[in-house]
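Right, one structure below, let's go through it.
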Amino acid sequence: MQALPNIFLIGPMGTGKSTIGRLLAAELRRPFYDSDHEIESRCGCGIPWIFDVEGEGGFRIREADVIDRLTSLDEIVLATGGGAVTNATSRQYLRERGVVVYLSTTLDQQIRRTARDRNRPLLQGTDRRERLRQLMAEREPLYLSTADLVVTTDRRSPRAVVREIKRRVRRLQNPLEQDA
Ligand SMILES: Nc1ncnc2c1ncn2[C@@H]1O[C@H](COP(=O)(O)OP(=O)(O)O)[C@@H](O)[C@H]1O
Ligand SMILES: O=C(O)C1=C[C@@H](OP(=O)(O)O)[C@@H](O)[C@H](O)C1
Ligand SMILES: [Mg+2]
């Protein structure tokens, strides 16, 4: 069976990119990368620290560099951060270097799934619902224009989402084949 291309996951905070990416990579027996984790390990510091010291602009510079490096690899699964698509060059690299899957979810699910997390600076000290709604309004066109596939993660377990991604990516590769 034909090897799957690189698979890049995009979408808003809390949609499940990091969780599902890790599971998908394990099922496909290929390396998994999370751009946030890569940024933190290269910097030796946490994302909140980067936002505090270098601002969102500094974080985006780091993120664009990491996206370029990771999308240059072969046969990987990459979970990007929710704002990676705000960089036009990153969008180009994602589109050119693999299959891009937009994991979509509802605002309620985003709120529920990010409720206990303190590692997302953009959500600290704000009206979380309003902030997430505003980010989605700005970014949804970028998700849609960058993605090859859209897969919802609502009311679906991570494993069910992984099955759906595998099925849809294989169908993208072999449109004439009956679903195995
Ligand atoms: N399909 C899903 N159903 C329910 N909870 C999920 C699902 N996918 C992820 N989660 C949970 O939502 C939270 C955010 O997931 P995460 O992978 O960090 O999202 P992202 O990387 O897109 O911000 C985590 O606690 C994770 O366990
Ligand atoms: O939406 C965003 O701008 C961000 C999303 C985060 O990643 P997740 O989408 O994995 O939470 C992380 O990159 C940073 O906090 C900024
Ligand atoms: Mg993540």
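Just follow the structure's listing: the first ligand is 1, and inside any ligand the first atom is 1. Position 1 is the first residue of the sequence; numbering continues from there.
- The part of Leu122 lying near ligand 2 is the side chain, judged by heavy-atom distances below 4.0 Å.
- In this structure Thr19 satisfies the side chain to side chain donor-acceptor pair (under 3.5 Å) test with no other residue, sequence neighbours excluded.
- Protein-derived N/O/S atoms nearer than 2.8 Å to the Mg ion (ligand 3) total 1, waters excluded.
- The closest approach between Arg131 and ligand 2 stays at or above 4.0 Å for every heavy atom of the residue.
- Rounded to the nearest 0.5 angstrom, Arg118 CZ and Gln124 CD are separated by 5.5 Å.
- Checked by distance only, ligand 2 and Gly14 stay at 3.5 Å or farther apart across all their nitrogen or oxygen atoms.
- For Thr80, no nitrogen or oxygen atom sits less than 3.5 Å from a nitrogen or oxygen atom of ligand 2, counting backbone and side chain alike.
- A donor-acceptor contact under 3.5 angstrom links the side chains of Arg112 and Gln109, judged on distance only.
- Here Gln110 has no heavy atoms under 4.0 Å from ligand 2, in either its backbone or its side chain.
- With hydrogens and angles ignored, the 3.5 Å screen pairs a side-chain donor or acceptor of Asn6 with a backbone N or O of Leu73.
- Under a 3.5 Å cut-off, the side chain of Asp148 and the backbone N or O of Val100 do form a donor-acceptor pair.
- Of the possible donor and acceptor atoms, one in the side chain of Thr15 sits under 3.5 Å from a partner among the backbone N and O of Leu103.
- Closer than 4.0 angstrom to ligand 1 by heavy atom are Pro12, Met13, Gly14, Thr15, Gly16, Lys17, Ser18, Thr19, Arg113, Arg120, Thr153, Arg156, Ser157, Pro158, sorted by chain and number.
- At a heavy-atom distance under 4.0 Å, no atom of Glu56 approaches ligand 2.
- What sits closest to atom 14 (C) of ligand 2 on the protein, heavy atoms only, is Phe59 CZ, 4.1 Å.
- Side-chain atoms of Ser35 do not come within 3.5 Å of backbone N or O of Ile67 as any donor-acceptor pair.
- Distances between N or O atoms of Asn119 and those of ligand 2 include no value under 3.5 Å.
- Among protein heavy atoms, the minimum distance from atom 6 (C) of ligand 2 is reached at Asp36 OD2, 3.6 Å.
- Residue pairs satisfying the side-chain hydrogen bond (donor to acceptor under 3.5 Å, both in side chains) criterion with at least one member in residues 135-144, sequence neighbours excluded, are listed as follows: Tyr102-Glu140.
- The cationic group of Arg97 lies under 6.0 Å from the six-membered ring centre of Tyr93 and within 45° of the ring axis, placing it in a cation-pi geometry.
- A side-chain N or O of Arg131 and one of Gln134 form a donor-acceptor pair less than 3.5 Å apart.
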